[in-house]
Every structure is written in structure tokens, then in C-alpha cells.
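Quick note: residue numbers are just sequence positions, from 1.
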Amino acid sequence: MNFSFKIIDVRFGDFWNFPLMIAVTALWLVFLVYWNRFTISVIGKVWSKRFLFLRLLSGAILLLYLFNPTIVYLKTRTKRGRAAILFDTSQSMDRRDSAGKISRLDSVKKMIGEQSFLKNLDREAAPVCFAFNRDIEEIDPRKDFFSLKADGEATDIAGAFRHIRELKSDEGWNAAILFSDGRNTASQSPLDEIQSLDCPVYCVGVGEKTPNGGIPPDRAIIRIQTNPVALLHQKNRIRAQLKHTGFKDKPVTVSLLENGKTILEKTVSPPIEGETDLALDYTPEKKGLSLLRIVLAPDQGDAVSENDSAEFTLPVTEDKIKVLYTEGTLRWEYKFLKRSLASDPNMAPAFLIRTSADKEFTQQGEGEKISSGFPQSLEELQSFQCVILGDMPRAFMTDERMESLEKFVGEHGGGLIITGGYHIPCSGEYRNTPLEKLLPVRMVDMKNPIIPLEYAVIPEQKAGEGGFQGEEKDWENVRLSRWYPSGELKPGAQVLLKRRTKTGEEGILAARHTYGKGRVVFLSSDEFWKPAFSHGDKDSPAITERFYLEGIRFAASQPLSGDKEAPLFTPRLDQVHYNPGAKGILNVEWNKERIKNVDPTLHAELLLQGKIISNIDFRRDSPNIFTSSFTPELDGNYEIRITGEAGEEKETLVVKFIVGKPYQEIESFSLNDSLLTAIAQASKGGYYDLSHAKEIIAEIRKEKRIEQKPGEREFASQPGWMLFLIILLNLEWYLRRKKGLL
């Protein structure tokens with residue numbers, strides 16, 4: 001480091017004003033002149049001049065001690081600093097481009113070695129090297145650099161920037177140098193971390209731009225949707241989304257494997273390149289936790305084979321869902337839904353209709369028998385897994401009934417579906433009641449709640465990761481003419497369906513949320529019966545009917561409990577495929593028959609690509625139900641390893657699920673120079689190709705940090721001047737003694 005000082009001010013104390021200092025100095029000079037004339041005849045002119053010089057110096061120092069000036073100065077320091085060198089070691093850096101026929105990472109190694117890049121950089125800033133992909137670690141360039149391998153499952157450039165920002169010391173960073181192909185596959189944009197990094201980033205693009213964004217011929221499974229619990233001996237629908245690039249009109253065979261055994265095969269002929277939806281019907285024959293795997297048949301033209309399969313676990317529980325459907329009036333929606341529930345082999349329904357102010361009429365289905373109308377207690381409600389609440393007037397839904405319903409959902413994990421009508425949600429009758437708490441939307445109070453206006457139905461895809469609303473094409477011909485307005489969406493709730501009027505106005509048509517341990521689905525229309533009754537294909541239900549039935553399955557999903565032959569505990573996720581950053585819910589229910597008189601304990605770990613990334617803590621919601629949540633931030637294949645102990649019994653189960661696009665790192669190979677350029681511009685750095693990387697050193701030379709710090713020093717506080725004064729006085733005495741002038 002180089003230092004320099006510049007005096008920018010001299011201050012004197014308040015007592016010594018300028019005229020007074022001039023007067024004192026003048027008196028001192030007059031005294032010296034008089035003394036010199038008095039002694040010149042004794043010691044001669046030569047020694048008189050010498051002694052006069054010594055006395056002037058001594059006097060000047062004494063006057064400075066008397067005046068005690070404060071010197072204000074500016075200290076300038078040039079810092080050498082450090083440079084962070086980031087080497088991308090993700091799988092895409094193993095790609096061999098046409099130029100050189102070596103991998104991208106090897107081309108970086110070659111340039112570093114041939115140009116002595118790090119050695120030359122060290123003259124301007126101390127290099128600190130890091131290898132990063134999904135994780136980051138500091139490396140010794142002399143020992144580790146040339147043995148690096150490009151095997152990371154993802155690229156997290158933002159995470160690398162965050163890491164070096166947190167390592168910032170007093171020396172700071174002069175610059176950061178990024179060697180990468182720019183294939184950032186983490187959820188966070190690197191641009192979010194640039195402002196807080198506080199140093200220029202010089203990006204070195206490694207690789208070449210290729211046609212079609214470097215996307216090779218590829219078939220992949222990119223998303224899985226299903227209800228979180230399958231029903232024993234009943235058909236359970238699994239929806240897979242396939243992506244195909246370069247395989248136009250070429251059939252592909254899809255297999256469904258259960259615990260390693262093929263149980264279903266289906267051939268699909270994609271009509272166009274892009275994405276295709278595939279429905280697989282899975283009928284489990286055994287209770288417990290099933291490991292399911294969807295596999296695409298291999299093809300020699302497929303450049304990426306890793307994304308040809310997707311694996312997840314699915315708990316298999318009771319045979320039929322016990323549903324209680326209560327309706328306030330004998331309306332068309334009741335006729336439609338009653339027919340659907342009665343004909344579905346997965347449902348065991350019971351029906352209750354309010355026929356007048358104080359009368360109820362029951363129609364028994366295959367479900368629990370109802371003898372005294374709507375269940376009066378929580379115990380009676382617990383006979384069912386799902387309650388469908390039609391448009392009931394407030395007088396019918398007493399406070400006791402609503403409180404029991406709230407406990408049924410929140411404390412005991414029951415499902416609730418509420419269909420819109422005059423009374424719910426917009427009449428204002430249920431404001432500030434337990435029923436309002438259960439809804440995923442706010443209630444409103446409107447004088448004219450029914451709005452006669454035809455509108456289109458649009459599924460909200462962003463919110464339906466594990467859901468049942470189908471694709472937009474399923475709803476494109478659905479037109480309804482009435483809805484019941486609701487208020488805004490509650491925090492944490494998700495929109496399933498939107499409505500859009502001819503004028504483009506949009507609103508909530510269906511929404512869901514988790515309430516305590518249960519789930520609630522709300523519909524703001526009572527005209528789902530129209531598309532169902534006009535649907536001509538008896539073998540394939542209308543989309544509105546599928547929406548209802550799969551919504552019931554979603555709301556009523558409950559783990560297995562109370563069977564001596566069942567596992568010690570049953571875990572259940574709320575989805576099998578999440579978006580990065582989405583919150584996941586894990587419920588674990590202990591088998592009551594196997595934990596009698598025992599206090600069970602649970603331990604769980606969240607793993608990504610087989611590596612433990614965190615522990616999962618549980619809260620105990622009831623004697624046999626444990627709940628936890630987690631938020632996976634990165635794409636990948638995850639699993640949760642759960643170990644439960646109850647007395648002498650101990651079991652370990654593994655739950656598998658998918659987040660985002662696990663293999664996007666290798667699904668595209670083209671150099672993403674646009675991202676690297678944006679990073680360079682946002683940080684006031686620069687973008688270079690690999691052949692011009694050495695020019696970065698000259699830029700860093702310009703970036704040497706110059707720091708200026710002001711300072712103050714009082715003259716009297718410097719002991720060196722007093723020592724100098726003593727030396728001057730002793731010197732005069734010594735010379736006088738030596739020359740015999742004393």
C-alpha cells in the first residue's frame with residue numbers, strides 16, 4: 001500500500017488570535033536581534049551567525065509549543081485489495097463446443113495455464129478462487145484448480161455472489177471475475193445480488209451460441225399432478241406433462257411403475273413440438289406408501305436421458321371417501337352433484353336437503369346414515385371425510401354447528417367445499433362467524449348479489465401445482481351466466497379458477513387454502529351443472545364434474561390410521577411436484593393401534609440429490625398427528641427421510657417429490673451471453689470472451705481503490721519536537737564550551 005499526506009488546514013486555540021501571535025513573534029525576533037548585537041563583539045561574526053540560527057530554530061519550536069497549532073491533514077492510501085475469481089463447475093460446463101473439441105471448463109483451465117492469468121492478476125489484486133455450481137467452495141489454485149470437474153446439478157450465480165459478499169473484509173473486493181456459460185438454473189436472478197456486491201463484475205463467456213438456444217433433441221417429463229393420497233382399489237388420476245423437442249409426430253411409450261414393477265403402459269403420439277398432457281389411471285391394490293415412477297421409453301435420438309423419468313411417493317388409504325352433502329334449496333346444482341357423487345365408485349355420499357325453515361329431508365347414499373338432520377356435534381361430523389356445504393341460510397347454520405365445522409376442518413383435518421349462493425358468501429349474513437374464517441376469500445355485503453352476465457372460465461395455472469382445475473383448453477368452451485361476488489383472496493390462499501367477462505373484467509371463481517390441518521375449496525357459482533348436463537360423452541365426464549370430484553378428493557385426503565397391519569406411521573405431502581420457493585406441508589399420522597400407551601417421536605431430514613440440506617422439525621397437533629413445513633428453494637429431485645420410534649418399534653420411510661425442473665442444467669447448451677452482459681453492465685464491469693480475458697487485468701489496475709481519510713494532530717502532542725529542542729539547546733552549550741565561549 002502507498003500513503004501520502006496533504007495539509008489542508010492549521011487551526012489555533014481561541015486564546016491565540018492572529019494579532020497577538022504576530023506581536024509575540026515580533027518581540028521574540030527583536031530580542032534575538034538585540035542579543036546578537038550584544039554578543040557579536042565577544043564571539044565574532046561567524047559564531048554569532050551560527051548561534052543565531054540555532055536560537056531561531058529553538059525559538060520557533062518554543063513559539064509553536066506556546067501557540068500549539070492543530071494541523072488538519074488528508075491521508076491518501078492506495079489499496080491493493082482482492083479479486084474474487086468464480087469458476088462455474090456445473091454440468092453444462094462439461095459441454096464440448098465445436099471450437100477446440102474440449103469441455104468448456106477445460107478451455108478455462110487451458111487459458112489460465114497458458115496466459116499465467118492468476119500470476120499476472122496477483123500484481124494488481126490478490127486473487128481468491130472459488131468453484132461453484134449449486135454450492136460454492138474456496139479452492140487453492142495451485143492444488144485444486146486443474147482437478148476441478150464439471151459435475152454440478154445446477155448453476156446458482158446469485159448464490160455465488162451472495163457468498164463472496166458475505167466474505168467481504170476490511171480489504172474489500174476490487175473486482176469479481178466470473179467464468180461461466182451463463183446457464184443460470186437457480187430460481188433467483190443474479191441481478192438481485194449485484195447492487196449489494198459493491199464491486200465491478202467482469203464476466204468471461206465460455207462456450208458458443210448455438211441455434212435454437214442450444215436445445216438438443218429431447219423428450220422430458222416436466223411436471224406431475226395428482227391428488228396427494230390415492231384410494232385403495234379405486235382409479236386415481238395422475239397427470240403428466242411431457243415436453244418434446246425434435247420428435248415431431250414420433251410416438252413415445254410411457255410406463256408407470258409401482259415399487260419397481262410396471263403396471264401400465266401407454267403410447268402417445270405428440271401432434272406438435274412443445275408440451276403434451278398425459279393422463280394415467282393408477283389403481284393401487286395395497287395400503288401404505290407406494291413409490292411411483294413414470295418412464296419414457298429410450299430413444300437413440302434423445303440427447304438428454306436423465307429427464308426421461310420422474311419418481312414420487314403416494315400414500316394409499318381408505319377405499320371410499322365419505323361425503324356429507326348439505327344443501328339449502330333444491331336447486332339444479334344439487335341435482336347435478338348428487339348424480340355425480342352417487343355414480344362415482346370412489347365416493348360414499350349422504351345427502352341432506354333443507355326443505356323449509358325448520359324441516360330437513362335426507363337421502364341416504366352409500367355413506368354414513370343420517371337420522372337427525374345436520375350433525376349436531378363434532379363426533380358426528382368426524383364420521384365423514386368431507387362436507388359439501390350448499391347455500392344455507394344463516395338461521396340453519398347455528399353458532400354451534402359452525403364451531404363444530406371449524407373444529408372438524410382445523411383440528412381434525414376434515415375437508416370442506418362451499419358452493420356459492422345467495423346466502424354464502426355475499427349476503428353479509430355470515431360476517432364475523434366461524435364460517436367466514438373457513439373461507440379462502442373475504443365475505444362481502446351486497447344488496448344485489450346475483451350478477452347475470454355470461455363469462456368465460458380460465459384455470460389459474462400458477463396456483464394449481466397439485467390441483468385439479470385442468471388445463472385452459474378444457475375450459476375454453478365453458479360459458480356460465482351467474483356468479484356470487486366475494487371479497488379479496490386471503491393470505492396463503494390460491495386461486496384455482498378465474499372468471500372473465502366479455503369486457504375483460506376478471507374475478508375469483510374458485511379458490512382453496514389450508515385451514516389448520518384441513519382443506520377448504522370455495523366456488524362462487526352454482527352453475528357448474530350446465531356444462532355437465534350438456535356434455536355428450538358419457539365415458540368422459542365434463543370438466544366441471546371432474547373439477548368437483550377431484551376437488552372432493554383433494555379436500556378429503558386423509559392418511560391411513562387405526563389398522564394393525566398398516567405401517568407404524570403414514571406420511572403425506574400436500575403435493576408431489578412443487579415450484580421452487582413454494583411452501584410444502586408434511587403431515588405424519590401415527591397408527592393408533594400400534595402406538596397405544598406409547599409416546600412416539602419423529603426425526604426427518606430433507607435431502608436434495610441425496611445430500612442432506614436441512615432437518616425438519618415437527619409440531620404435535622394431536623396425540624397421533626404431527627405436522628411440519630419446508631420450503632425447497634432449488635430445482636431438483638428431493639426426498640424426506642423420516643424415522644419414527646414408538647417404544648421398541650422403529651421404522652424409517654422415505655417420501656420422494658420433485659421441485660421445478662431438476663434437469664434444466666443439461667437441457668440447453670447455448671452460451672447465455674445476454675445474462676452475462678447484463679450482470680457486467682449492472683455492476684459497471686465488463687463482458688469478455690475467453691480469448692480476451694487477459695484484458696481484465698488492465699481494467700482491475702484502474703480499479704485500485706484510493707482511500708482518503710482526514711486526520712488532526714496537535715503540535716504539543718508530538719514528543720519529537722521537544723526532543724529536537726533539547727538537542728538544539730545542548731548543541732549550543734556544547735559548541736560554546738568547546739570554543740571556550742562560555
Side-chain angles (χ1 to χ4, degrees), residues 325-329 331-334 337 386-394 396-397 402 405-406 409-410 415-464 467-469 475 478-516 518-531 544 547-548 551-552 554-555:
Y325 180 19
T326 67
E327 186 62 80
T329 58
R331 54 181 179 169
W332 281 100
E333 197 79 350
Y334 170 73
L337 193 51
C386 182
V387 173
I388 303 174
L389 185 62
D391 190 32
M392 286 289 188
R394 176 67 177 85
F396 176 83
M397 290 301 294
M402 286 190 288
L405 192 60
E406 183 186 9
V409 177
L416 175 64
I417 294 181
I418 301 177
T419 63
Y422 182 87
H423 300 282
I424 309 174
C426 58
S427 68
E429 298 174 7
Y430 287 95
R431 297 290 294 273
N432 302 317
T433 66
L435 188 62
E436 184 181 32
K437 295 180 183 179
L438 287 167
L439 280 173
V441 296
R442 306 290 182 188
M443 288 189 174
V444 296
D445 188 354
M446 300 185 67
K447 295 180 180 179
N448 299 304
I450 302 175
I451 302 177
L453 184 65
E454 184 180 88
Y455 59 92
V457 180
I458 304 168
E460 181 58 51
Q461 295 300 321
K462 294 181 181 178
F468 38 84
Q469 78 274 37
W475 296 90
V478 175
R479 294 291 184 273
L480 306 180
S481 59
R482 186 171 60 199
W483 77 79
Y484 300 86
S486 62
E488 63 182 3
L489 198 69
K490 289 183 181 178
Q494 295 178 320
V495 176
L496 295 173
L497 300 175
K498 296 185 299 185
R499 61 175 186 263
R500 180 182 295 164
T501 65
K502 292 181 178 180
T503 59
E505 180 185 356
E506 292 189 352
I508 299 171
L509 179 60
R512 73 175 186 185
H513 75 159
T514 299
Y515 186 88
R519 302 175 180 187
V520 181
V521 179
F522 166 73
L523 289 78
S524 67
S525 176
D526 60 357
E527 290 201 338
F528 276 44
W529 60 271
K530 284 187 175 181
T544 54
F547 178 83
Y548 253 125
I552 293 169
F554 167 81

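Scanning both residues, Arg442 and Pro491, for their nearest heavy atoms gives NH2-CD, 3.8 Å. Contact record, Arg431 with Val444: NH1-C, 4.1 Å, taken as the closest heavy-atom pair. The shortest heavy-atom contact between Gly487 and Val441 is O-CB, 4.1 Å. The two residues Ser524 and Arg499 have their closest heavy-atom pair at OG-NH1, 3.8 Å. The shortest heavy-atom contact between Met392 and Met397 is CB-CG, 3.9 Å. Residues Asp526 and Glu333 come closest through the heavy atom pair O-OE1, 2.8 Å.
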- Carefully, step by step, assess Trp332 and Glu527 under the rule side chain to side chain contact (heavy atoms under 4.5 Å, CB included). CA-CA 8 Å; Trp332 281 100; Glu527 290 201 338; over 6 Å; no
- Query: Passes side chain to side chain contact (heavy atoms under 4.5 Å, CB included), Leu435 versus Leu389? Steps please.
  - Reply: CA-CA 10 Å; Leu435 188 62; Leu389 185 62; 3.9 Å; yes
- Message: I'd like to know whether Arg331 forms a side chain to side chain contact (heavy atoms under 4.5 Å, CB included) with Thr419, so could you lay out the CA-CA distance, the side-chain angles of the two residues, the decisive distance to 0.1 Å, and finally the verdict.
- Response: CA-CA 12 Å; Arg331 54 181 179 169; Thr419 63; 2.8 Å; yes
- Message: Evaluate Met402 against Arg394 for side chain to side chain contact (heavy atoms under 4.5 Å, CB included), listing each step before the verdict.
- Response: CA-CA 10 Å; Met402 286 190 288; Arg394 176 67 177 85; 3.5 Å; yes
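Side-chain contact between Tyr430 and Leu439 is absent, with no heavy atoms from C-beta onward closer than 4.5 Å. For the pair His423 and Pro393, the minimum side-chain heavy-atom distance is below 4.5 Å.
Ser486 contributes atom OG, which lies 11.5 Å from atom CD1 of Ile418 (distance to the nearest 0.5 angstrom). For the atom pair CE of Met443 and CG of Asn432, the computed distance is 10.0 Å after rounding to the nearest 0.5 Å. Rounded to the nearest 0.5 Å, atoms CG (Leu489) and CD (Gln494) are 9.0 Å apart. Note: Asp391 CG to Phe396 CZ = 12.0 Å, rounded to the nearest 0.5 Å. In this structure, the separation between CG on Leu416 and OH on Tyr515 is 11.0 Å, given to the nearest 0.5 Å. Between the CD atom in Glu506 and the NZ atom in Lys498 there is a gap of 4.0 Å [rounded to 0.5 Å].
Using a 30° and 60° split on the angle between ring planes, Phe528 and Tyr548 fall in the perpendicular class, above 60°.
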